[in-house]
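Input: a single structure, listed below in structure tokens.
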Amino acid sequence: PVLHELELKAPGTFQHSLQVMNMADAAARAIGANVQLVRVGALYHDIGKMVNPLCFVENESILTGAKNKYHANLSAIQSAKDIISHVTDGLAIAKKHRLPIIIPRFIQSHHGTTVTSYFWDKHLKEGGSDKQIKDFTYPGPKPSLKEEIILMLCDSIEAASRTLQDYSTESFDSFVERMVNTKLDAGQFEDSDISIQELRIIKITIKAYLAQMYHARIAYPEETKTNKLRLWKSKQTK
């Protein structure tokens, strides 16, 4: 019932969750992690977004046909607050529906203690104080299970991959390395027992998944007016 409600109220988020689930599935299998656990965590990690779906671009563009309209007249701090609240909203929904106790762990940890970088940068560019970083930081905790690490990476990578313009192997390689290093440098893996070797395998798996997801397609030539007319005459003759 919770996922059905998510699909109805936040369709973009629901589709994102499905893609994250499939990517996380591949990564979990590659390192021998708990596949079923990471699939469930991926499906439920963003259920809090159904409370305020228009706050998130993947829903706003579908439900209203516009982008970034919600945040147009908000301060960077307020935008960050609304974005971050999907974690606490998700926890409340999980509690209300008595979801298994493991699910809130994925809801809390999929952003760890990272910063809402887009609005933090906006805040600084508008002359905001760098002492207010707490207002732009997710409450955590940091992920500790390998499955939580996988979800954190797949969640951010799937979302950011939608902005890619170059679908070459080199592009995927540098993109995934950059995304993983960002989390690593932010100390998000400090509480986990995931190994360097496992991270390397996860990166290879995700790069391959992205290559399959965004594989090149044949560009078919548009049908000319002459061809359309010829087809119409043929139908009339028959």
Side-chain angles (χ1 to χ4, degrees), residues 6-7 10-31 33 35 38-49 53 55-63 66-68 70-71 83-84 86-87 106-107 109-112 114-122 138 143 146-186 188-189 194 198-219:
L6 177 66
E7 181 180 17
T13 297
F14 179 71
Q15 291 301 321
H16 159 71
S17 298
L18 292 179
Q19 290 290 350
V20 172
M21 179 190 71
N22 290 329
M23 185 185 293
D25 179 304
R29 290 180 190 279
I31 66 167
V35 176
V38 80
R39 286 175 66 89
V40 172
L43 284 174
Y44 286 91
H45 78 284
D46 268 346
I47 56 175
K49 289 186 177 181
C55 177
F56 304 92
V57 66
E58 72 265 22
N59 299 309
E60 188 180 36
S61 57
I62 293 174
L63 297 174
K67 277 189 176 183
N68 301 320
Y70 177 91
H71 295 279
I83 292 286
I84 291 171
H86 83 274
V87 171
F106 285 93
I107 294 173
S109 68
H110 74 278
H111 284 296
T114 58
V115 173
T116 52
S117 57
Y118 178 87
F119 292 110
W120 173 238
D121 290 342
K122 179 182 178 184
Y138 282 95
K146 293 177 183 180
E147 291 79 9
E148 291 176 284
I149 292 287
I150 290 172
L151 176 60
M152 170 182 273
L153 292 175
C154 292
D155 176 49
S156 59
I157 288 173
E158 196 284 329
S161 70
R162 297 172 183 270
T163 65
L164 289 174
Q165 301 295 321
D166 179 4
Y167 297 151
S168 66
T169 301
E170 294 75 18
S171 174
F172 292 140
D173 184 70
S174 61
F175 168 67
V176 172
E177 292 291 338
R178 184 172 67 252
M179 294 294 292
V180 173
N181 287 337
T182 296
K183 302 296 184 188
L184 190 61
D185 293 342
Q188 295 306 302
F189 304 160
I194 197 163
E198 287 170 326
L199 277 176
R200 186 185 70 82
I201 294 172
I202 288 171
K203 288 189 291 185
I204 292 172
T205 304
I206 292 177
K207 291 171 187 177
Y209 184 90
L210 289 174
Q212 294 172 8
M213 186 175 169
Y214 294 107
H215 66 276
R217 293 173 174 83
I218 298 173

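This is a predicted model, so every value here is computed, not measured.
- Looking at every heavy atom in both residues, Ile31 comes nearest to Glu198 through CG2-O, 3.7 Å.
- Here CD1 of Ile149 is found 8.0 Å from CD1 of Ile202. Values are rounded to the nearest 0.5 Å.
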Pair Asp166-Phe175, side chain to side chain contact (heavy atoms under 4.5 Å, CB included): steps then yes or no: CA-CA 10 Å; Asp166 179 4; Phe175 168 67; over 6 Å; no

Check the pair Leu210, Ile157 against side chain to side chain contact (heavy atoms under 4.5 Å, CB included), reporting the backbone distance first and the verdict last. CA-CA 9 Å; Leu210 289 174; Ile157 288 173; 4.1 Å; yes

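- Judged by distance alone, the side chain of Thr205 and the main-chain N or O of Ile201 form a donor-acceptor pair under 3.5 Å.
- Here the side chain of Glu60 pairs a donor or acceptor atom with the backbone of Tyr70 at under 3.5 angstrom.
- Across all non-hydrogen atoms, the minimal contact from Leu151 to Gly41 is CD2-O, 3.8 Å.
- Put simply, the side chain of Asp173 never gets that close to the backbone of Thr169: no donor and acceptor are under 3.5 Å apart.
- Residues His71 and Phe119 place their aromatic rings such that the two centres sit under 6.0 Å apart.
- For the pair Tyr138/His86, a side-chain contact is recorded, criterion being any heavy-atom separation below 4.5 Å from C-beta on.
- The backbone N or O of Ser168 lies less than 3.5 Å from no partner atom in the side chain of Glu170, so there is not a single donor-acceptor pair.
- A parallel orientation is assigned to the rings of Tyr167 and Phe172, their planes being inclined by less than 30° (bins at 30° and 60°).
- At least one side-chain heavy atom of His16 sits less than 4.5 Å from a side-chain heavy atom of Asp155.
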Any chance you could lay out the side chain to side chain contact (heavy atoms under 4.5 Å, CB included) test for Tyr214 and Arg162, step after step, and finish with the verdict? CA-CA 10 Å; Tyr214 294 107; Arg162 297 172 183 270; 4.1 Å; yes

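- Closest heavy-atom contact between Lys49 and Ala10: O-CB, 4.4 Å.
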Applying side chain to side chain contact (heavy atoms under 4.5 Å, CB included), run through Asp46 and Val20 and close with a yes or a no. CA-CA 11 Å; Asp46 268 346; Val20 172; over 6 Å; no

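- Contact record, Gly112 with Pro143: CA-CD, 4.3 Å, taken as the closest heavy-atom pair.
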